[in-house]
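Working notes, beginning with the structure itself.
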Number of protein chains: 2
Amino acid sequence: MSQHPLRTQIEDIVKLSDAEFDFVLGHFQENNFKKHQIVLHQGDYAHFDFFVIKGLMRVSRVDPDGKEHILQFGMENWWITDAEAFHHQTKSTLTVDCLEPTKTLSLTLENKEKLSKELPKMQTFFFKKTTNGFIALQKRILCFLSSNANDRYHNLLSLYPGLMQRVPKAMIASYLGVTRETLSRLTKVES
Amino acid sequence: MSQHPLRTQIEDIVKLSDAEFDFVLGHFQENNFKKHQIVLHQGDYAHFDFFVIKGLMRVSRVDPDGKEHILQFGMENWWITDAEAFHHQTKSTLTVDCLEPTKTLSLTLENKEKLSKELPKMQTFFFKKTTNGFIALQKRILCFLSSNANDRYHNLLSLYPGLMQRVPKAMIASYLGVTRETLSRLTKVES
DNA sequence: ACCTTCACAGGACATTTGTCAATGCTTTGA
DNA sequence: TCAAAGCATTGACAAATGTCCTGTGAAGGT
């Protein structure tokens with residue numbers, strides 16, 4: 001029988017009783033967003049960290065030249081927000097929107113901190129998730145340092161199979177830091 | 001009067017009594033490394049997270065082609081280690097070495113976890129440091145996505161003034177993800 | 001003081017990637 | 001159903017960056 005996806009993720013790190021999980025869940029609110037809906041506008045405060053139950057979101061920024069850069073995708077079981085705006089309670093420099101109809105569990109910073117205090121296991125959970133996120137970003141940077149566009153593309157393929165079926169190639173290019181024309185040429189050579 | 005640099009950093013986030021700080025300090029060991037000394041070899045276990053008291057370290061990786069990529073520098077008051085190897089207690093894929101004679105306070109994972117349990121304020125401290133590190137890495141990735149080598153260079157200049165005086169330009173290039181020739185051309189145009 | 005190594009600049013050329021424009025195909029919506 | 005918009009591909013050319021090479025001066029070790 002299948003468990004709640006959030007519980008599964010938490011119990012990968014710390015064990016919870018049924019009552020504890022219900023308690024945890026009480027700190028979240030559920031949201032349903034439409035495709036293309038902007039969940040966090042640049043310039044607004046980031047009220048929530050979103051845990052994606054179903055759907056697909058992204059965090060992006062448009063630079064002064066009008067070019068869009070995708071910092072992160074968020075599929076099922078991913079956490080997604082503008083980390084800086086959320087944790088520092090400052091105005092967002094990034095945009096979060098939905099590439100598909102999306103259902104989330106949404107957590108305010110206040111509730112995150114409350115939860116961490118009330119249930120120390122949850123602080124451990126959040127800490128490990130953040131540490132793992134840090135490690136993942138370091139790997140992505142190493143990828144930028146040591147790989148060309150082609151290797152980065154294949155790395156992304158192997159890291160998130162299934163992503164290609166869900167997002168347009170132009171967005172993959174934007175995540176990789178190349179133009180869609182360059183990405184198109186790369187995939188062409190495969191033959 | 002000047003305080004211990006570690007205490008200053010911790011008290012930016014949580015306040016400590018003298019006794020508490022002594023207690024914290026007891027979990028660290030002091031190390032002195034020579035210039036060029038390798039502190040963590042690729043393939044070894046990462047026994048420590050290093051807090052740099054004085055000196056300059058770096059984390060790097062050489063790729064299969066023999067090219068060296070610098071993931072991070074660590075000047076005074078920075079924490080530096082192979083995060084993945086340290087936190088997962090696995091063999092390191094990165095190398096940590098000293099670009100200058102360096103004095104560190106070194107913390108084992110065991111002591112870090114002990115400290116977090118014994119003094120919850122320290123867990124808060126570590127959590128915030130990790131969160132801020134995560135945010136900094138996101139910014140560096142956005143820089144790779146949206147900036148060319150020249151802009152990345154000037155961004156680095158403004159972020160860490162003083163770094164240029166302490167490390168050879170070839171290493172700056174390696175951190176930026178370009179060749180030294182490219183960096184040389186950039187600095188030339190400034191005139 | 002001498003030799004070796006390192007750091008840096010620069011030139012010539014190759015490769016990669018970006019830019020701009022044109023095209024065809026699909027999806028969307030009135 | 002048709003027009004419009006979105007998405008991907010491709011070609012021609014430009015710009016950025018990498019590669020390989022040389023030369024010069026400074027720094028370090030013996």
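Numbered from 1 within each chain, the chains take letters A, B, ... in sequence-line order.
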Donor on one side chain, acceptor on other, B:D82 and B:S92, under 3.5 Å: yes
Phosphate OP1/OP2 of C:dC8 contacted by B:S184 side-chain N/O (<4.0 Å): no
Atom-pair distance (CG on A:L176; P on C:dG18), nearest Å: 11 Å
Distance flag, aromatic centroids of A:F73 and A:Y175, threshold under 6.0 Å: yes
Short side-chain N/O contact to C:dT19 OP1/OP2 from A:K67, under 4.0 Å: yes
Polar contact flag, side-chain donor to acceptor under 3.5 angstrom, A:H36-A:D97: no
What N/O pairs connect the protein and nucleotides 23-30 of chain C at under 3.5 Å? Give each pair on its own line.
none

Side-chain touch B:I80/B:V52, heavy atoms, less than 4.5 angstrom: yes
Carboxylate-amine/guanidinium proximity below 4.0 Å for B:K103 and B:E30: yes
Exercise: do B:S174 and B:E68 side chains pair donor with acceptor under 3.5 Å: no
Cluster overlap A:F127 with A:L6, hydrophobic side-chain contacts below 4.5 Å: yes
Closest non-hydrogen atom pair, B:K121 against B:K15: NZ-O, 2.8 Å
Positional range of nucleotides in DNA chain D within the contact set of chain B, heavy-atom, under 4.0 Å: D:dT17 to D:dC21
A:D22 backbone acceptor or donor facing A:R7 side chain under 3.5 Å: no
Comparing A:L183 and B:E181 on DNA chain D - which has the more 5′ nearest nucleotide: A:L183
Spacing of B:R180 atom CZ relative to C:dA9 atom C1', expressed in whole Å: 12 Å
Minimum heavy-atom distance between A:W79 and A:Q9, given as atom pair plus value: NE1-OE1, 2.6 Å
Dump every N/O contact between nucleotides 14-17 of chain C and the protein below 3.5 Å, one line per pair.
| from | atom 1 | to | atom 2 | distance (Å) |
| --- | --- | --- | --- | --- |
| C:dT17 | OP1 | A:A149 | N | 3.3 |

Validation row, ring centre A:F134 to ring centre B:F134 under 6.0 Å: no
